[in-house]
Every structure is written in C-alpha cells, then in structure tokens.
Amino acid sequence: MDKQSKILNRRFYNRETLKVAQEMLGCFLVRKVKNKIIRAMITDVEAYVGEDDLACHASKGRTSRTEIMYGPAGHLYVYFVYGMHFIMNIVTEKKEFPAAVMIRGIKIDDVGYQKTNGPAKACKFLQIDKKLDGWDMTQGEKLWIERGVKIPKNKIKTGKRIGIDYAGHCTHYLWRFYIS
DNA sequence: ACGATGATGAAC
DNA sequence: TTCATCATCGTA
C-alpha cells in the first residue's frame, strides 16, 4: 500500500460537505515541514455550506478572501481572525459552489499524546498560516490528509457550530461533528 | 468575563 | 478613508 493511495483525493472532497465533514473524522492530517512529519488525527470539524449559510464567509458573496471556496475542492482555505489567529478549512463541493470543512480539533499520536481543541490551536501546532492559503491538499506535499480509522456512526456526535451567534437561523444547524 | 490585535467588508 | 466586526484563546 503506497503512500499516494492513502491520500484523500479530489473526488473525496468534491461531494456534499456534511458527508465529507463526517468522513474526515478519524483521518490523519499530515504536515511536513523541513523533513519533519507531524501526523494528527482529525477529531472535531464544522461544515460551512454555500452562500445561504449565514455563518459561511461566502454568505457575503465572492470576495478576494472567499474566492478560494469558489474554486475546485481539495484546496486549503486559511484566514486570519481576531488579530492573532489562523483558522484552516478544506474546500468541498463542485467548482463555483462555495463550501468548506473547518478543522476544530486534532489529536497527536506521535508525540506525547497531546490533543488540541480549537481551530487556532490546531493551526499553531501544525504551523499553518496564510502562506498555505489555497494549498492543494491532494498532492501529498507539505500538507495533506490520509485515510484513517473508520469512526462508527454511534461515536460521531453532532452539535451547533461555535462562535457564530450572528448567523440568524443558521446558528441552530447541527453542522459540527466530533468524535465522542 | 474580558482584552489582545489586525484583516476584512461595508458604509460613507 | 474610517469603522464595527470577528468560524479565538489565555488569563482572571
């Protein structure tokens, strides 16, 4: 089983975001920087789906910041918030339909069994910043996701997305998925 | 409960 | 060009 075959490809990401989000749980986010590899299991995600989702940055339409979400699936969307934090998302669904999965929590198996909760902490740990905005996650360089362990449906919890109180009726959508 | 701290988008 | 807001986190 070669490495390439484990890497999630564009077909995986180019599907309904809620499905992609749940299937990303248990997969391994792999970061390579200066020949060091960090491998982290994805444990907590949120879906942001289309212009009608008032919590999605694309609800304001196509801007320079959201442009990447309108492109092909499998690319990274990194943005900067609160003057100090980076947040990472993987673009999903077909070209021209803006959607993405945000990575909220990871668990690191390699070094000392650490885990992070919170999207900014995950970015900090994996050294992901604006320089990786738009990165193609399907090429197996610098940053990619590998097929991981299958999480049974009864181990997947749903919840409201965090920090989107401004999003009107969309606030209540159960579009956060995490491993219990 | 709140302040840090700067990009972003909307208003003007 | 200004202004309010923000998919957060650490300290209290």
Side-chain angles (χ1 to χ4, degrees), chain A residues 8 13-27 29 31 38 40-93 96-108 111-137 143 145 156-180:
Chain A
L8 300 187
Y13 297 114
N14 188 20
R15 293 179 298 149
E16 188 195 349
T17 308
L18 298 185
K19 201 175 202 71
V20 174
Q22 291 174 77
E23 291 185 21
M24 277 172 59
L25 293 174
C27 292
L29 187 56
R31 174 72 165 124
I38 306 174
M41 184 185 283
I42 298 169
T43 59
D44 193 342
V45 297
E46 288 177 5
Y48 291 86
V49 188
E51 295 181 344
D52 295 335
D53 175 9
L54 298 178
C56 183
H57 288 168
S59 64
K60 294 182 166 47
R62 200 188 274 257
T63 67
S64 57
R65 182 172 68 156
T66 61
E67 185 63 30
I68 185 67
M69 279 201 280
Y70 288 81
H75 290 258
L76 196 69
Y77 168 44
V78 179
Y79 66 92
F80 186 65
V81 266
Y82 298 114
M84 53 186 92
H85 300 303
F86 294 101
I87 312 282
M88 69 171 130
N89 306 251
I90 321 294
V91 174
T92 57
E93 312 229 15
E96 303 300 321
F97 185 89
V101 175
M102 185 188 78
I103 298 187
R104 169 167 292 283
I106 57 176
K107 183 160 80 70
I108 297 92
V111 226
Y113 298 99
Q114 305 182 53
K115 65 165 171 274
T116 75
N117 46 338
K121 281 158 72 178
C123 281
K124 188 172 182 207
F125 189 87
L126 296 175
Q127 302 175 52
I128 289 163
D129 62 19
K130 201 79 176 149
K131 290 196 292 291
L132 280 171
D133 189 30
W135 191 254
D136 187 349
M137 301 289 289
L143 183 68
I145 301 178
I156 299 180
K157 299 275 196 228
T158 63
K160 297 179 182 179
R161 294 170 294 175
I162 308 295
I164 53 150
D165 292 347
Y166 58 86
H169 65 283
C170 300
T171 305
H172 312 298
Y173 293 175
L174 300 177
W175 284 359
R176 177 188 180 197
F177 306 98
Y178 55 98
I179 303 173
S180 63

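Letters A, B, ... are given to chains in the order of the sequence lines, protein chains preceding strands, and every chain is numbered from 1. Note that the coordinates shown come from a computational prediction; the quantities given were computed from them, not determined experimentally.
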Do the side-chain N or O atoms of [X] get closer than 4.0 angstrom to the phosphate oxygens (OP1, OP2) of [N]?
{"X": "A/His57", "N": "B/dT8", "value": "no"}
{"X": "A/Lys130", "N": "B/dT8", "value": "yes"}
{"X": "A/Tyr82", "N": "B/dG3", "value": "no"}

Please state how far atom [atom1] in [X] lies from atom [atom2] in [N], giving the value in whole angstrom units.
{"X": "A/Arg161", "N": "C/dA7", "atom1": "CZ", "atom2": "P", "value": "11 Å"}
{"X": "A/Glu46", "N": "C/dT8", "atom1": "CD", "atom2": "C1'", "value": "12 Å"}
{"X": "A/Leu54", "N": "C/dT5", "atom1": "CG", "atom2": "C1'", "value": "16 Å"}
{"X": "A/Met84", "N": "C/dC6", "atom1": "CE", "atom2": "P", "value": "16 Å"}
{"X": "A/Phe86", "N": "B/dT5", "atom1": "CZ", "atom2": "C1'", "value": "12 Å"}
{"X": "A/Arg104", "N": "C/dT8", "atom1": "CZ", "atom2": "P", "value": "5 Å"}
{"X": "A/Tyr48", "N": "C/dC6", "atom1": "OH", "atom2": "C1'", "value": "12 Å"}
{"X": "A/Arg62", "N": "B/dG9", "atom1": "CZ", "atom2": "C1'", "value": "17 Å"}

For A/Thr17 and A/Ala100, work out which heavy atoms get closest and say how close.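 So the two residues come closest at CG2-O, 3.7 Å.
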| Do you know the tightest heavy-atom contact between A/Leu29 and A/Met137? |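 Minimum heavy-atom contact is CD1-CE, 4.1 Å.
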Please determine, for the side chain of [X], which listed nucleotide ([options]) has the closest atom?
{"X": "A/Thr63", "options": "B/dG9, C/dT8, C/dC6", "result": "B/dG9"}
{"X": "A/Pro119", "options": "B/dA7, C/dC9, B/dA10", "result": "C/dC9"}
{"X": "A/Ile87", "options": "B/dA4, B/dA10, C/dT8", "result": "C/dT8"}
{"X": "A/Val81", "options": "B/dT5, B/dT8, C/dA7", "result": "C/dA7"}
{"X": "A/Tyr79", "options": "C/dG10, B/dT5, C/dA7", "result": "C/dA7"}

Using side chain to side chain contact (heavy atoms under 4.5 Å, CB included), reason through A/Asn117 and A/Tyr178 one step at a time and then give a plain yes or no.
CA-CA 11 Å; A/Asn117 46 338; A/Tyr178 55 98; over 6 Å; no
- Matching residue for A/Val20 among A/Glu23, A/Glu16, A/Met24 - test: side chain to side chain contact (heavy atoms under 4.5 Å, CB included):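 Checked A/Glu23, A/Glu16, A/Met24 against A/Val20; only one passes side chain to side chain contact (heavy atoms under 4.5 Å, CB included): A/Met24.
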- With A/Asp44 as reference, evaluate A/Met102, A/Lys107, A/Lys157, A/Arg104 under the side chain to side chain contact (heavy atoms under 4.5 Å, CB included) test and give the passing residue.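 Filter result, single survivor: A/Arg104.
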I'd like to check A/Asp129 versus A/Val78 (side-chain heavy atoms, cut-off strictly below 4.5 Å). Are they in contact?
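Not touching, per the 4.5 Å side-chain cut-off.
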Give the residues of residues 167-180 of chain A touching DNA chain B, defined as any heavy atom closer than 4.0 Å, sorted by residue number.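 Of all residues in residues 167-180 of chain A, none places a heavy atom under 4.0 Å from DNA chain B.
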Looking at every strand, decide which applies to [X] at a 4.0 Å heavy-atom threshold: base, sugar-phosphate, or nothing.
{"X": "A/Arg65", "result": "sugar-phosphate"}
{"X": "A/Lys124", "result": "nothing"}
{"X": "A/Ala120", "result": "sugar-phosphate"}

What does B/dT5 pair with, Watson-Crick or G-U, if both distances are under 3.5 Å?
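For B/dT5, the partner nucleotide comes out as none, under the 3.5 Å rule.
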task = Taking only Lys NZ, Arg NE, NH1 and NH2, and the carboxylate oxygens of Asp or Glu, determine whether A/Arg62 and A/Glu96 approach each other closer than 4.0 Å.
result =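 Looking at A/Arg62 and A/Glu96, the cut-off is met.
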**Study point:** Interatomic distance, A/Arg161 atom CZ to A/Asp53 atom CG [nearest 0.5 angstrom]
**Key:**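 One finds 4.0 Å between CZ of A/Arg161 and CG of A/Asp53.
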- prompt: If you measure from the ring centre of A/Phe80 to the centre of the six-membered ring in the base of B/dG6, is it under 5.5 Å, with the planes under 30° apart?
  reply: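 The base of B/dG6 is not stacked with A/Phe80 (the test needs centres under 5.5 Å and planes under 30°).
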